[in-house]
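These figures come from a predicted structure and were not determined experimentally. Sequence lines set the chain letters: A, B, ... in the order given, protein chains first and strands last, and positions in each chain run from 1. Every heavy atom of this structure was used, including side-chain atoms; hydrogens, water molecules and symmetry mates were not.
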Amino acid sequence: MPIFDWLMRLVGDDYLIFTIMALILISLWVGFRSASQRELNQRTVLCAAFGVGLACAAIHLFMAFGPDRLRPSDAYPALVNLLAYGRGDPSFPSESVAVAFAFATGVWLSKRGGLGAVMLLMAALLAFARVYVGVHYPLDVVAGAAIGILSSLAAQGLLRLFEPVPTWLLKGMRRIYLA
Amino acid sequence: MLKLALEYFLFIFLASLGVLQIVASYDNLRGLSFFSRPTWGYIFGSLAVVGGFSWFYIVANPHPEVAYAITFGDIFHYGWSNPKLADIGLIMGEGECVVFFLLALVCALLTTFLISSMVKSKIAPSQRGVHEGSVGLEALREMTFFQAVRRSLRKRKE
């Protein structure tokens with residue numbers, strides 16, 4: 001199925017899903033109908049962005065100290081039909097899937113559940129595509145998803161714990177008309 | 001690498017500009033919008049977003065037809081020790097994407113502030129019932145970014 005292969009290659013690439021998710025966050029940050037909605041939207045964006053930062057940090061720590069798992073196409077070149085270019089970095093865990101799930105969970109945890117559910121679906125599609133094109137094992141994307149979800153949960157907890165800080169940040173940005 | 005980075009920058013710049021115009025039209029942020037009618041904001045924004053994605057994926061084509069692809073981050077971490085060097089291409093890594101995404105977003109915001117301030121320079125904030133206390137993006141419903149900044153500076157002097 002060349003069309004399905006092409007679609008999976010597009011969905012599983014390094015840009016598409018992240019760009020769409022980041023554009024959704026921009027629209028959440030800027031778009032609001034009331035002061036309470038603005039507060040909710042901008043805190044949602046803060047939580048998602050902080051979650052992504054935590055997910056990236058966790059993945060890089062894992063890659064630095066964890067097992068160096070070869071990509072499926074390198075470990076089983078005769079078995080895996082690689083539809084995208086190969087990568088030299090460790091396969092486990094999937095950083096792209098972790099980032100996508102961190103974005104989506106950050107939005108889903110706020111009161112924007114519908115949008116969060118759509119973003120979680122996009123993240124799941126990315127995870128499937130990454131396995132389909134042959135750049136990850138299923139366990140890599142499952143671990144990536146778990147790290148992304150846990151990172152966003154941790155981000156939400158930390159933002160609550162350090163509560164005056166996000167409020168100060170938003171107030172500061174409002175003074176210069178950026179929030 | 002530089003070519004791909006510039007193409008990515010332009011793609012994000014166009015898409016962000018489009019999203020800002022769509023949101024400004026939808027949520028009635030008149031000080032951010034380039035147009036007096038929301039419909040034009042939707043049309044311009046949609047064209048910018050769809051055009052940006054189409055151009056990046058069809059014309060720029062970010063998928064190198066190579067067996068292997070590496071990022072600057074990979075080179076820094078793992079060096080050029082991979083045995084499959086003959087057929088190798090450079091792609092943007094996550095870190096590089098974040099840097100160029102933020103740069104493009106800042107440029108899109110500045111462009112939006114500049115163009116909307118020039119186009120809407122004749123908005124008279126005091127005559128349009130602006131709440132003097134409105135802060136942040138809320139203030140841009142009835143005045144442009146530069147009018148809002150001027151108002152803040154004037155308040156400080158008082």
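Using a 4.5 Å cut-off between heavy atoms, A/Phe18 makes no contact with chain B at all. Both the backbone and the side chain of A/Arg33 come within contact range of chain B, with heavy atoms under 4.5 Å apart. Contacts of A/Ile24 with chain B are absent, with no heavy-atom separation under 4.5 Å from either backbone or side chain. Contacts of B/Ile22 with chain A are absent, with no heavy-atom separation under 4.5 Å from either backbone or side chain. Contact of B/Val149 with chain A is made through backbone and side chain together, with heavy-atom distances under 4.5 Å.
Residues of residues 40-59 of chain A having a heavy atom under 4.5 Å from any heavy atom of chain B, listed by number: A/Gln42. Using non-hydrogen atoms only and a strict 4.5 Å limit, the part of residues 94-109 of chain A facing chain B consists of A/Glu95, A/Ser96.
Between B/Phe113 and A/Leu178 there is a side-chain heavy-atom pair separated by less than 4.5 Å. Counting heavy atoms from C-beta on, the side chains of A/Asp13 and B/Tyr57 come closer than 4.5 Å. Side-chain contact between A/Ile26 and B/Ser16: present, with at least one pair of heavy atoms (C-beta onward) separated by less than 4.5 Å.
Among residues at least two apart or in separate chains, salt bridge (charged side-chain N to carboxylate O under 4.0 Å, His left out) pairs with a member in residues 139-148 of chain A are A/Arg69-A/Asp140.
Counting heavy-atom pairs under 4.5 Å between each of B/Asn28, B/Ile12, B/Leu140, B/Leu137 and chain A puts B/Leu137 at the top.
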| request: Mind running side-chain hydrogen bond (donor to acceptor under 3.5 Å, both in side chains) on B/Tyr26 and A/Ser27 for me, showing each step along the way? | output: CA-CA 10 Å; B/Tyr26 182 75; A/Ser27 65; over 6 Å; no
Check against side-chain contact (heavy atoms from CB on, under 4.5 Å), B/Phe53 and A/Thr19:
CA-CA 10 Å; B/Phe53 273 91; A/Thr19 306; 3.9 Å; yes
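Other members of the cluster containing B/Val50 do not exist, because no ILVMFWY side chain is joined to it at under 4.5 Å.
Using cut-offs of 30° and 60° for the angle between ring planes, the B/Tyr8 and A/Tyr15 rings count as tilted.
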